[in-house]
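As a basis for the values below, the full set of heavy atoms in this structure was taken, side chains included, without hydrogen atoms, waters or symmetry mates.
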Amino acid sequence: MKTDARPLAGKVALVAGGTRGGGRGIAVELGAAGATVYVTGRSSTGGRSDLDRPETIEQTAEQVTAAGGLGIAARTDHSRPDEVRALVDRIAAEQDGRLDVLVNSVWGGDPLTDWEHPLWEQDLETGLRLLRQAVETHVITSRFALPLMVARKSGLVVEVTDGNTARYRGTFFYDLAKSAVIRLAVAQAAELRPHGVAAVAITPGFLRSEALLEHFGVTEDNWRDGAAQDPNFAHSETPAYLGRAVAALAADPDVMARTGRALATWGLYREYGFTDADGTQPDFAAHWAENLEEEYGPLGDPL
């Protein structure tokens with residue numbers, strides 16, 4: 001039953017790339033709001049992806065259920081159209097054609113990103129592989145999932161990116177991928193608007209993912225110790241913060257007013273009032289303006 005505490009009860013979501021990081025945070029918080037969430041990715045109990053990390057889609061699905069929703073793990077390689085088509089066919093069969101929220105959070109590009117060299121000195125195949133992994137997968141997933149939303153004339157598509165401005169993101173292929181994902185939201189919004197379906201891009205601030213905790217040699221229990229290595233880490237946010245932003249958007253009956261926009265946790269918390277897992281409300285844009293703008297310039301205007 002839909003209630004204020006479970007505004008997404010009865011809703012069905014697909015979180016593509018829900019194994020870890022922001023995707024996991026989104027899946028769990030959609031579950032906490034009452035949704036049935038299909039969690040997809042390549043890392044499962046049956047075997048790890050080429051990233052060789054321990055997190056699995058089954059773990060995320062269990063967390064979705066523990067939060068109050070229903071988590072369903074479905075191993076899917078989103079670079080393979082046949083697998084994505086089969087996934088969407090399964091959702092349609094099991095949920096009577098219903099899909100209310102599509103989250104395109106597939107990334108996996110960290111080991112493919114070269115932060116040291118300009119385009120003309122980078123390995124071309126590695127860069128193109130990053131684009132296939134981080135952009136093409138989103139296109140494939142939307143291609144097969146959108147008809148379920150169009151048929152019902154309602155729904156929300158969320159494209160997860162890094163940054164909501166035109167500011168250069170430090171290296172060519174990474175910048176191109178994250179900027180392209182924003183454009184995917186803009187283009188889908190234009191085509192979906194006549195059908196009552198919204199599409200947005202969303203960025204977290206400094207995301208405290210499993211990989212980043214590992215990088216700083218800390219856990220979520222003592223994460224603040226990481227600020228000794230990077231003071232900006234003190235202003236990081238958990239994946240739950242991003243998840244609560246997406247859950248708030250999905251529950252907003254006026255979400256069409258935001259379609260086509262590139263949004264951020266640091267703006268949405270003010271409007272919806274959600275907090276991070278520890279009750280705080282991180283605002284990376286405010287931190288940037290106060291501490292980083294003089295050295296690096298303005299963060300940029302939202303797109």
Apply ring-ring contact (aromatic ring centres under 6.0 Å, His included) to Trp266 and list each qualifying residue two or more places apart in sequence or on a separate chain. none
Heavy atoms of Val64 and Ala27 approach each other most closely as CG2-O, 3.4 Å
Indicate yes or no: does Glu125 engage Arg129 in a salt bridge with an N to O separation below 4.0 Å. no
Are Thr36 and Lys11 side-chain neighbours, meaning at least one heavy-atom pair lies under 4.5 Å? no
Given 3.5 Å as the limit, does a donor-acceptor pair link the side chain of Ser154 with the main chain of Asp100, or not? no
Name all pairs fulfilling the salt bridge (Lys or Arg N to Asp or Glu O under 4.0 Å) condition that reach into residues 58-73, sequence neighbours left out, sorted by first residue then second. none
Between Asp110 and Thr113, a side-chain donor and acceptor under 3.5 Å: no
So, do Leu14 and Leu99 sit near enough that their side-chain heavy atoms are less than 4.5 Å apart? yes
Is there a side-chain contact between Leu156 and Leu249, using heavy atoms and a 4.5 Å cut-off? yes
N/O donor-acceptor pair under 3.5 Å between Ser44 side chain and Thr56 backbone: no
Just by distance, with hydrogens left out, do Glu159 and Gln188 show a side-chain donor and acceptor under 3.5 Å apart? yes
Any side-chain heavy-atom pair of His78 and Thr76 under 4.5 Å: yes
So, using ring-ring contact (aromatic ring centres under 6.0 Å, His included) as the criterion, who are the partners of Phe172 when residues are at least two apart? none
Can you confirm whether Arg75 sits close enough to Ile57 that some side-chain heavy atom of one is under 4.5 Å from a side-chain heavy atom of the other? yes
Could I get the full list of side-chain contact (heavy atoms from CB on, under 4.5 Å) partners for Ser105, not counting sequence neighbours? Val103, Val160
Quick test of your reading of the model: are Asp82 and Arg80 salt-bridged, counting only N-O distances below 4.0 Å? yes
Between Thr137 and Ser79 (side chain of the first, backbone of the second, donor and acceptor by atom type, cut-off under 3.5 Å), is there such a pair? no
Identify, with sequence neighbours excluded, every residue that meets side-chain contact (heavy atoms from CB on, under 4.5 Å) alongside Pro118. Trp120, Glu121
For residues 225-249, which residue pairs pass the ring-ring contact (aromatic ring centres under 6.0 Å, His included) check, not counting sequence neighbours? Phe206-Phe233, Phe216-Phe233, Trp223-Phe233, His235-His287, Tyr241-Phe274
Sorted by first residue and then second, give each salt bridge (Lys or Arg N to Asp or Glu O under 4.0 Å) pair with at least one member in residues 12-31; sequence neighbours left out. Arg20-Glu55, Arg24-Glu210, Glu29-Arg244
Can you list everything that forms a side-chain contact (heavy atoms from CB on, under 4.5 Å) with Arg183? Sequence neighbours excluded, please. Val186
Do any N or O atoms from the side chain of Arg169 and from the backbone of Arg167 form a donor-acceptor pair under 3.5 angstrom? yes
Sub-4.5 Å side-chain heavy-atom contact between Thr45 and Gln59: no
Under 3.5 Å, which donor-acceptor pairs do the side chains of residues 190-203 form with other protein atoms, sequence neighbours left out?
from	atom 1	to	atom 2	distance (Å)
Thr203	OG1	Gly163	N	2.7

Surrounding CG of Asp301 (heavy atoms of other residues, nucleotides or ligands, distance under 6.0 Å), is the total greater than 12? no
Which pairs, with at least one residue in residues 275-284 and sequence neighbours excluded, count as a salt bridge (Lys or Arg N to Asp or Glu O under 4.0 Å)? Arg270-Asp283
I'd like to check Ser43 versus Leu51 (side-chain heavy atoms, cut-off strictly below 4.5 Å). Are they in contact? no
Restricting to pairs with a member in residues 230-242, which pass salt bridge (Lys or Arg N to Asp or Glu O under 4.0 Å), not counting sequence neighbours? none
ring-ring contact (aromatic ring centres under 6.0 Å, His included) involving Trp115 - partner list, sequence neighbours excluded: Tyr174
